[in-house]
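Encoded as structure tokens, the structure appears first; notes follow it.
Bear in mind the structure is a predicted one, so any value in this text is a computation, not a measurement.
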Amino acid sequence: MKTIKTFILTLALGLLAAACGTTNTVPITGRKQSLMVSDQQVASLALQQYQQYMQQAQVSTDAANTAMVKRVGQRLASSVETYLKNNGLQADLQNYAWEFNLVRDQQVNAWCMPGGKIVVYEGLLPVTQDEASLAVVLGHEIAHAVAKHSAERLSNAYKQQYAMQAGGALLQGAGVSADWMQLGSLVANLGSQLWTSGFSRKQESEADHIGLIFAAMAGYDPQVAVSFWQRMAKATGGGGSSLLSDHPSDAQRIEQIQGWMAEALRYYQPATGTKKGSTKKGSKTKSTPTPKTSKTLHIK
């Protein structure tokens, strides 16, 4: 009887997790994902948060670096939109209203919100050092938006919530004692944390992969990604990755990028009039030495 009850509970939870939503295919990687929320829902929520952030943020007063961030970002966005059109994904273009902002913050970081709202912190530029390396970072951020990672995370949270609620009701109905239910809840919470953490690392690695391709498509040498992440490891103290870490370690990132390099180079055509990994004249990042900081780059 206990075996039958366990089977029924497992089956019910499995069906609950898989019942709703639509299946989407991530560009470049081809990974399948199940989404329970629409692009419009996610973009609406993200836009509100983005506007609130920008009202409080200190926008950079460095005209040259601000122009560089916008120039590199728009060049990437244009290449990505061309790729989507050429691959039958033009319907997705309505989800993006690209914005690239540089803010006065010395954190070594950048982030993206659904809909194409991207913020770069000034503290990142001494580590990127050139436009091609900045393109690797912005490609990563754009990849998060194109791969619908926020919608996927939100969908995952919904599934977990529904599964936990349904699981509790089923356990009570099956006559499971309160002690066992408490233990089961603790195990489920730990399992949920581990699964979510691993899922986040998977998204970050996928954004690294797709972003590398996007940078190459836009005419930026993807090979600079290796030296950029080596500088990042030095700047952030080579932050390691634990079991519960949301991001891959710098060493793992570099190893993965090296594995994707041959694929990225197939997309790479140097932009006319520019050299590999160079910055355009008049827009070069200030030659500030790489900062020594313990802050971990999230690149989220």
Side-chain angles (χ1 to χ4, degrees), residues 37-77 80 94-129 131 133-158 196-197 200 203-204 207-208 211 214 228 231-232 235-237 239 245-247 283 285-286 288-300:
V37 294
S38 69
D39 294 325
Q40 290 75 18
Q41 289 173 314
V42 177
S44 178
L45 291 172
L47 181 59
Q48 296 176 25
Q49 295 179 350
Y50 171 76
Q51 290 174 338
Q52 291 175 2
Y53 171 83
M54 290 305 299
Q55 287 174 357
Q56 301 174 357
Q58 291 184 306
V59 178
S60 175
T61 57
D62 189 318
N65 282 337
T66 297
M68 177 180 65
V69 168
K70 293 182 182 297
R71 178 174 61 252
V72 174
Q74 290 298 334
R75 182 165 147 186
L76 281 159
V80 169
Q94 64 182 338
N95 301 320
Y96 309 121
W98 303 105
E99 287 187 30
F100 301 89
N101 292 284
L102 181 65
V103 300
R104 296 176 60 186
D105 193 314
Q106 291 310 303
Q107 293 185 67
V108 185
N109 203 4
W111 49 263
C112 174
M113 284 189 175
K117 309 304 183 186
I118 295 174
V119 170
V120 175
Y121 295 160
E122 285 184 331
L124 178 65
L125 297 185
V127 185
T128 55
Q129 296 185 0
E131 289 195 16
S133 296
L134 177 61
V136 169
V137 175
L138 294 184
H140 173 105
E141 301 307 335
I142 290 173
H144 276 308
V146 173
K148 304 182 180 182
H149 283 164
S150 292
E152 191 173 21
R153 290 188 183 188
L154 186 56
S155 298
N156 174 46
Y158 283 160
T196 302
S197 176
S200 181
Q203 284 189 329
E204 290 299 326
D208 283 343
F214 285 168
F228 163 69
R231 292 195 299 273
M232 184 61 64
T236 60
S245 173
D246 284 347
H247 295 78
S283 63
T285 305
K286 294 179 180 179
T288 309
T290 301
K292 301 293 184 179
T293 174
S294 59
K295 294 177 181 177
T296 300
L297 174 72
H298 292 295
I299 301 284
K300 35 186 172 178

Flag side-chain contact, heavy atom, 4.5 Å: [X] against [Y]:
| X | Y | value |
| --- | --- | --- |
| Arg71 | Glu131 | yes |
| Leu47 | Met113 | no |
| Leu124 | Met232 | yes |
| Val119 | Asp105 | no |

Check your understanding: CE/Met68 to CG/Leu134 distance, rounded to the nearest 0.5 angstrom?
Key -> 5.0 Å
Check your understanding: Taking atom CD of Gln74 and atom CD of Glu99, what is their separation to the nearest 0.5 Å?
Key -> 9.5 Å
Can you list the residues that meet the side-chain contact (heavy atoms from CB on, under 4.5 Å) rule with [X], with sequence neighbours excluded?
| X | answer |
| --- | --- |
| Ala145 | Tyr96, Cys112 |
| Ala135 | Val72, Leu76, Ala215, Tyr220 |
| Ser44 | Gln48 |

Check your understanding: What's the verdict on side-chain hydrogen bond (donor to acceptor under 3.5 Å, both in side chains) for Tyr53 and Asn101, showing C-alpha distance, side-chain angles and the deciding distance?
Key -> CA-CA 12 Å; Tyr53 171 83; Asn101 292 284; over 6 Å; no
**Study point:** Expected output: side-chain Gln203 to main-chain His149 donor-acceptor under 3.5 Å
**Key:** yes
Point to revise | Check: Phe100 main-chain N/O paired with Lys70 side-chain donor or acceptor under 3.5 Å | key: yes
At their closest point, which heavy atom of [X] faces which heavy atom of [Y], and how far apart are they?
| X | Y | value |
| --- | --- | --- |
| Gly139 | Phe214 | O-CD1, 4.0 Å |
| Ala235 | Val127 | CB-CG2, 4.1 Å |
| Val42 | Pro114 | CG1-CG, 3.3 Å |
| Ala151 | Val37 | O-CG2, 3.7 Å |

Review point. What residues form a side chain to side chain donor-acceptor pair (under 3.5 Å) with Ser60, not counting sequence neighbours?
Key: Glu122
Point to revise | Set of residues satisfying side chain to side chain donor-acceptor pair (under 3.5 Å) with respect to Tyr121, sequence neighbours excluded | key: Trp111
Review point. Parallel, tilted or perpendicular for His144 and His140, by the 30°/60° rule?
Key: perpendicular
Practice item. Name all pairs fulfilling the salt bridge (Lys or Arg N to Asp or Glu O under 4.0 Å) condition that reach into residues 40-59, sequence neighbours left out, sorted by first residue then second. Key: none
